[in-house]
Visitor: 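Starting off with a structure, shown below.
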Amino acid sequence: MYILLIGLVAIVLFIYYRFKYSKKIQVSITSKVSPVDSNFNWKSQQPLKIRPFIGKTNFNPSIGLKNITSTPEDWLLIENTYLKNIKVRKSSIENNQSKVLYIHEDIKAKLALAEFFQIVCQFLLSRYPKYFKLKNGIIHNLITNESFSINESNSIEILKILGSNIEEDFLIMFKEDEDSEYRVKSSFTGFPAGFDPSINYNKTISYIHKPVPQYNKLKFSMNKFFNNIKSQNLWVRFNWSIQTHSNLFTFNNHGRPGETMKKLNRKDIDFANGCFLRNERQCFIRLPKSNALVMTIRTYLTSMENIKNEEKIGNELIFAIDNLPDDLAYYKKRHEWGDALKEYLND
Ligand SMILES: *[C@@H]1O[C@H](CO)[C@@H](O)[C@H](O)[C@H]1NC(C)=O
Ligand SMILES: *[C@@H]1O[C@H](CO)[C@@H](O)[C@H](O)[C@H]1NC(C)=O
Ligand SMILES: *[C@@H]1O[C@H](CO)[C@@H](O)[C@H](O)[C@H]1NC(C)=O
Ligand SMILES: *[C@@H]1O[C@H](CO)[C@@H](O)[C@H](O)[C@H]1NC(C)=O
Ligand SMILES: *[C@@H]1O[C@H](CO)[C@@H](O)[C@H](O)[C@H]1NC(C)=O
Ligand SMILES: *[C@@H]1O[C@H](CO)[C@@H](O)[C@H](O)[C@H]1NC(C)=O
């Protein structure tokens with residue numbers, strides 16, 4: 001009798017924990033995403049104004065993460081740049097495929113990418129039902145008027161679909177058995193800023209950040225952060241730089257050790273159409289099934305004319321430029337554009 005009872009309790013507990021566990025591992029940030037307002041129109045959606053230098057007094061590199069788990073809607077954004085930027089991405093897929101997209105040739109990487117694809121599809125369908133419609137296994141994008149199969153299983157095709165439907169770039173990372181750090185196993189980089197993205201394929205976080213000044217100071221907390229991200233959480237951070245051209249796709253925004261920089265004069269720079277504040281909005285999630293980490297990166301360009309005349313934050317930017325530590329100033333190439341830009345903003 002007792003044995004029967006104990007057996008029964010064991011079975012009940014087993015089922016309970018199995019259920020609990022399986023429910024737990026299913027939780028992803030798409031599980032409670034509400035749709036945009038019915039009057040949402042992508043064409044009138046103003047880009048986020050990310051100005052991470054405002055209000056700061058210390059300009060040393062920092063991680064600066066913010067927990068935005070309570071608003072999973074804010075993960076992937078559709079703004080009035082959508083069609084224009086998707087066009088740039090498609091042309092890079094055509095012309096520069098090996099630089100733009102990457103999948104490590106193993107089953108774990110392919111499964112993680114497929115999982116990410118499903119999460120992005122679910123997000124787009126839940127968040128933007130007006131623009132993404134699912135019918136018979138096909139998702140129709142009503143902004144581009146193109147469609148794709150939600151069942152796509154070829155990794156290269158998945159990467160092309162993702163790159164042509166969201167403005168965010170992404171890195172998918174996991175640890176190999178022998179690794180203590182996350183390693184890039186798949187990525188789409190439509191808007192590279194400083195470096196050729198292909199040098200980071202199959203590389204660790206530390207390798208990728210080698211050129212970043214003071215990375216050694218951040219390494220410990222960065223690894224700790226990556227290790228602790230939960231699949232139901234969403235984190236965001238921002239960074240900024242200045243560029244004196246209008247390209248979203250560039251390998252040249254960062255100073256490399258030993259590089260000689262040429263100081264630009266004010267008249268060399270077109271501040272309305274050829275000089276921009278460049279921001280990255282980086283989000284971090286964990287994929288519940290594969291346990292891989294994903295960093296999504298949204299890139300913004302804001303013309304200096306806007307910064308100066310519309311937003312009127314020239315003084316704040318000058319303060320930031322003046323207070324960059326030397327190593328970071330070099331990394332951001334301040335020597336090239338610093339004085340000319342300050343002269344323009346001061347005018
Ligand atoms: C992040 O925010 C969520 C929701 O507000 C909260 O449940 C969670 O504990 C937070 N995580 C950390 C590490 O602060
Ligand atoms: C690929 O990108 C590089 C770097 O911007 C550029 O020099 C090259 O011309 C591109 N290749 C093609 C085929 O467009
Ligand atoms: C996609 O997969 C689902 C579920 O496996 C299936 O019901 C559907 O018919 C498939 N659609 C296409 C277009 O292959
Ligand atoms: C998509 O189709 C709609 C309706 O026919 C049209 O108004 C819109 O211009 C099209 N968009 C593109 C990018 O072709
Ligand atoms: C990826 O990196 C791992 C760890 O360094 C290495 O063992 C493996 O050979 C690399 N794979 C490829 C295809 O480069
Ligand atoms: C912004 O962050 C990315 C990823 O960490 C990095 O590659 C890039 O160099 C950063 N840009 C600046 C200007 O710090």
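First listed ligand is number 1; within each ligand, the first listed atom is number 1. Quantities reported herein were computed from a predicted structural model and do not represent experimental measurements.
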Visitor: Over 60° means perpendicular and under 30° means parallel, so classify the ring planes of Phe170 and Phe116, tilted if in between.
Guide: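 Geometry flag for Phe170 against Phe116: tilted rings.
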Visitor: Backbone, side chain, both or neither: what part of Phe225 comes under 4.0 angstrom of ligand 1, heavy atoms only?
Guide: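 Neither; no heavy atom under 4.0 Å.
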Visitor: Is there at least one pair of N or O atoms, one from Asn145 and one from ligand 4, spaced under 3.5 Å apart?
Guide: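 Among all N and O atoms of Asn145, at least one is under 3.5 Å from an N or O of ligand 4.
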Visitor: Show me the pairs that pass ring-ring contact (aromatic ring centres under 6.0 Å, His included) and involve residues 95-115, at least two apart or across chains.
Guide: Tyr102-Tyr201
Visitor: Under the rule for ring pair (Phe, Tyr, Trp, His ring centres under 6.0 Å), what residues qualify as partners of Tyr300, not counting sequence neighbours?
Guide: none
Visitor: In terms of the angle between their ring planes, are Phe226 and Phe284 parallel, tilted or perpendicular, with boundaries placed at 30° and 60°?
Guide: tilted
Visitor: Suppose I only count heavy atoms of Ile143 and a 4.0 Å limit; which atoms of ligand 4 are within that range?
Guide: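 Within the 4.0 Å cut-off of Ile143, ligand 4 contributes 11 (N), 12 (C), 13 (C).
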Visitor: Quick one, list the residues around ligand 5 where some non-hydrogen atom comes in under 4.0 Å, by chain and residue number.
Guide: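 Residues near ligand 5: His104, Glu178, Arg183, Asn202.
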Visitor: Could an N or O of ligand 1 be found under 3.5 Å from any N or O of Asn67, whether backbone or side chain?
Guide: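 Yes; at least one N/O pair falls below 3.5 Å.
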Visitor: I need the single residue from Asn165, Asp169, Thr189 that forms a side-chain hydrogen bond (donor to acceptor under 3.5 Å, both in side chains) with Arg89. Which is it?
Guide: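 Option passing the side-chain hydrogen bond (donor to acceptor under 3.5 Å, both in side chains) with Arg89: Asp169.
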Visitor: Should the pair Tyr331 and His254 be assigned to parallel (<30°), tilted (30 to 60°) or perpendicular (>60°) ring geometry?
Guide: parallel
Visitor: Hey, what do you get for CD1 (Ile318) to CG (Asn346), rounding to the nearest 0.5 Å?
Guide: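 Taking CD1 in Ile318 and CG in Asn346, the distance rounds to 4.0 Å.
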Visitor: May I have all residue pairs that pass side chain to side chain donor-acceptor pair (under 3.5 Å) and include part of residues 34-46, sequence neighbours excluded?
Guide: Ser34-Glu73
